[in-house]
K.L.:
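Here it is, the structure, as structure tokens.
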Amino acid sequence: MNILVTGGAGYVGSHAVKCLTANGHNVWVYDNLVYGHKAAAPADRLVVGDLHESEKLVKLFKEHDIEAVMHFAAYAFVGESVTDPAKYYQNNVVGTLSLLDAMRECGVKKIVFSSTCATYGVPQQVPIPEDHPQSPINPYGYTKLVIERAMEDYRHAYDLGYAALRYFNASGASADGSIGEDHTPETHLIPLVLDVALGKRESITVFGTDYPTPDGSCIRDYIHVDDLADAHLAALKQLEPGKSLKLNLGTGRGMSVKEVIGICEDVTGKRIATVLGERREGDPPELVANPQTAEDAIGWKAKRSMRETIESAWAWHSSHPDGFAD
Ligand SMILES: NC(=O)c1ccc[n+]([C@@H]2O[C@H](COP(=O)([O-])OP(=O)(O)OC[C@H]3O[C@@H](n4cnc5c(N)ncnc54)[C@H](O)[C@@H]3O)[C@@H](O)[C@H]2O)c1
Ligand SMILES: O=c1ccn([C@@H]2O[C@H](COP(=O)(O)OP(=O)(O)O[C@H]3O[C@H](CO)[C@H](O)[C@H](O)[C@H]3O)[C@@H](O)[C@H]2O)c(=O)[nH]1
């Protein structure tokens, strides 16, 4: 299939590109490189462009006879979305509407969209099923929810086929060590902990130790980025015009911040200096997926263990201490 991958030079997108290519798809990466890395995308497949450039997208769709879009491009810093929501609504909502317009103009009727567990807000029930109320607690989560809603309306009116994939915590790196996680600034737990192991940071701060969890730190569902890539491939296979899929992508297994630090110590063989700190604003105590719907709908479930996830992350970070260094 001829596929356009927006945000394909970013963390999750680049792993999906690798997986799609390995499975025989003809892939084009579309990324403005604001946060992406040139080296993360195949050189002969990268088109540098912005979601807002609808005409450029139309030209690409026609030129390469694009049949489906995987849409990763977005801004994803929760804290920044609170202080500068305009930036998030403009890029994640207006930018995506421009992409959907270009698709409509060219008759491209399949899209796999990067949504997030942040659309659920503070869960009333854990593990979280897909029909859990969606009530985000920050603008980032709302931008994703708005697009889920727009896609549903476009499905109804224009026969769009879409998959809204609600990721939990994307983690780890490609098994061959060629690509991995490199966000600037980095805010995610695992890369920050591994930076301590590398001597790039003095310590990791545990954000909150008085949560109603067994060890008092927050619980998350860390899903290997290659498992996410596999899910995108599986969702695409099931997509048809007019069809919708709304799926949680997680392992169903919760891991506390302190447990993550412990596994990182084990994998790296280094002691991680840890500071017990205050809660970070906006962090729900526990976010764990119920991944059963994904298994039933697309025959997918997470295969990689937490240890494998951290081992792959460590292989990447220790061999690329400066990330892509671009
Ligand atoms: N990383 C996670 O744990 C996680 C969890 C849930 C959802 N998500 C979602 O998954 C997607 C990918 O996340 P990531 O961690 O790979 O982020 P990332 O920042 O590494 O990748 C996003 C890519 O999109 C590009 N981009 C952003 N705005 C663009 C625009 N207007 N035009 C063209 N390119 C643009 C960036 O340059 C970057 O390469 C995002 O939509 C994010 O919201 C990520
Ligand atoms: O230095 C740190 C960094 C993180 N944490 C904790 O580690 C857990 C994971 O934090 P991350 O920042 O790695 O991930 P989040 O769960 O906050 O973020 C995830 O969910 C968000 C929505 O809530 C977005 O979708 C985001 O892209 C996705 O990675 C949280 O409990 C956080 O409080 C720490 O204790 N110390």
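Numbering starts at 1 and runs along the sequence shown. Start at 1 and go down the list; that is how both ligands and their atoms are numbered.
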K.L.:
Are Lys303 and Asp226 close enough for a salt bridge, meaning some N to O gap below 4.0 Å?
P.N.:
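Salt bridge between Lys303 and Asp226, a charged N being under 4.0 Å from a carboxylate O: no.
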K.L.:
Only heavy atoms of Leu33, strictly under 4.0 Å: list the atoms of ligand 1 that pass.
P.N.:
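Those of ligand 1 that fall under 4.0 Å from Leu33 are 37 (O).
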K.L.:
Nearest non-hydrogen atom to atom 38 (C) of ligand 1 belongs to which of Gly36, Ala74, Ala40, Ser14?
P.N.:
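Nearest heavy atom to atom 38 (C) of ligand 1 lies in Gly36.
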K.L.:
Note the single closest protein heavy atom to atom 17 (O) of ligand 1, along with its residue, its atom name and the distance in Å.
P.N.:
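Nearest protein contact, heavy atoms only, for atom 17 (O) of ligand 1 is His183 NE2, 3.7 Å.
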K.L.:
Could you list the atoms of ligand 1 found under 4.0 angstrom from a heavy atom of Phe72?
P.N.:
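Listed by number with element, the hits are 11 (C), 12 (C), 40 (C), 41 (O).
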K.L.:
What atoms of ligand 2 come closer than 4.0 angstrom to any heavy atom of Thr187?
P.N.:
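Per the distance check, 3 (C), 12 (O).
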K.L.:
Do ligand 1 and Tyr11 have nitrogen or oxygen atoms that lie under 3.5 Å from each other?
P.N.:
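Yes - when backbone and side-chain N and O of Tyr11 are compared with those of ligand 1, one distance drops under 3.5 Å.
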K.L.:
Counting non-hydrogen protein atoms only, what is the nearest one to atom 25 (O) of ligand 2? Give residue, atom name and distance.
P.N.:
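I find the closest protein heavy atom is Thr116 OG1, 3.0 Å.
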K.L.:
Answer yes or no: does an N/O atom from Phe207 fall short of 3.5 Å to an N/O atom of ligand 2?
P.N.:
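N/O-N/O distance under 3.5 Å: yes.
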K.L.:
Could you identify the single nearest non-hydrogen protein atom to atom 18 (O) of ligand 2 and state the distance to 0.1 Å?
P.N.:
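The protein heavy atom lying closest is Asn169 ND2, 3.9 Å.
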K.L.:
Which atoms of ligand 1 are found less than 4.0 Å from any heavy atom of Gly49?
P.N.:
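Ligand 1 atoms under the 4.0 Å threshold to Gly49: 32 (N), 33 (C).
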K.L.:
Please write down residue, atom name and distance for the protein heavy atom closest to atom 37 (O) of ligand 1.
P.N.:
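Looking at atom 37 (O) of ligand 1, the protein heavy atom closest to it is Asp31 OD1, 2.7 Å.
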K.L.:
Assess Arg279 against Tyr211: is NZ or CZ under 6.0 Å from the centre of the six-membered ring, and within 45 degrees of the ring's axis?
P.N.:
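Here Arg279 passes the 6.0 Å and 45° test against Tyr211.
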K.L.:
If you count the atoms of ligand 1 from 1 in the order shown, which ones are under 4.0 Å from a heavy atom of Ala9?
P.N.:
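Within the 4.0 Å cut-off of Ala9, ligand 1 contributes 39 (O).
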K.L.:
With a cut-off of 4.0 Å, which atoms of ligand 1 are near a heavy atom of Tyr140?
P.N.:
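Listed by number with element, the hits are 7 (C), 8 (N), 9 (C), 42 (C), 43 (O).
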K.L.:
Under 3.5 Å between any N/O of His52 and any N/O of ligand 1: does that happen in this structure?
P.N.:
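No; the residue has no nitrogen or oxygen that sits under 3.5 Å from a nitrogen or oxygen of the ligand.
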K.L.:
Do the charged groups of Lys246 and Glu148 touch, with an N to O distance under 4.0 Å?
P.N.:
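Between Glu148 and Lys246 there is no salt bridge, as every charged N stays at least 4.0 Å from the carboxylate O atoms.
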K.L.:
Which residue owns the protein heavy atom closest to atom 1 (N) of ligand 1, what's the atom, and how far is it?
P.N.:
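Ranked first by proximity to atom 1 (N) of ligand 1 is Ala170 CB, 3.8 Å.
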K.L.:
State plainly whether the residues Arg149 and Glu152 are in salt-bridge range, i.e. N to O under 4.0 Å.
P.N.:
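Not counted as a salt bridge, because no side-chain N and carboxylate O are separated by less than 4.0 Å.
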K.L.:
Any atoms of ligand 1 less than 4.0 Å from a non-hydrogen atom of Ser114? List them with their elements.
P.N.:
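Here the atoms of ligand 1 in question are 9 (C), 10 (O), 11 (C), 41 (O).
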K.L.:
Please confirm whether Tyr167 and His232 have ring centers closer than 6.0 angstrom.
P.N.:
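Yes.
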K.L.:
Among Phe72, Tyr11, Phe77, whose ring-ring contact (aromatic ring centres under 6.0 Å, His included) with Tyr35 holds?
P.N.:
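Among Phe72, Tyr11, Phe77, the one meeting ring-ring contact (aromatic ring centres under 6.0 Å, His included) with Tyr35 is Phe77.
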K.L.:
When you compare ligand 1 with Ser115, is there at least one nitrogen or oxygen pair between them that comes in under 3.5 angstrom?
P.N.:
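In fact, backbone or side chain, Ser115 has no N or O that close.
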K.L.:
Over 60° means perpendicular and under 30° means parallel, so classify the ring planes of His183 and His188, tilted if in between.
P.N.:
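His188 vs His183 ring planes: tilted.
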K.L.:
Which is closest to atom 30 (C) of ligand 1 by heavy-atom distance: Leu165, Asn32, Thr184?
P.N.:
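Minimum heavy-atom distance to atom 30 (C) of ligand 1 goes to Asn32.
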K.L.:
Could you check atom 44 (C) of ligand 1 against the protein and tell me its nearest heavy-atom contact, residue, atom and distance included?
P.N.:
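Checked against all protein heavy atoms, atom 44 (C) of ligand 1 sits closest to Tyr167 CD1, 3.8 Å.
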K.L.:
Report, in ascending order of atom number, the atoms of ligand 1 lying under 4.0 Å from any heavy atom of Thr116.
P.N.:
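With Thr116 as reference, the close atoms of ligand 1 come out as 6 (C), 7 (C).
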K.L.:
Distance under 4.0 Å to a non-hydrogen atom of Ala118: what atoms of ligand 2 satisfy this?
P.N.:
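Numbered from 1, ligand 2 contributes 22 (C), 23 (O).
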K.L.:
Could you tell me which non-hydrogen atom of Arg304 sits nearest to which non-hydrogen atom of Asp230, and how far apart they are?
P.N.:
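Between these two residues, the closest heavy atoms are NH1-OD2, 2.9 Å.
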K.L.:
Considering only protein heavy atoms, which is closest to atom 21 (O) of ligand 1, and at what distance to one decimal place?
P.N.:
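For atom 21 (O) of ligand 1, the nearest protein heavy atom comes out as Gly10 CA, 3.5 Å.
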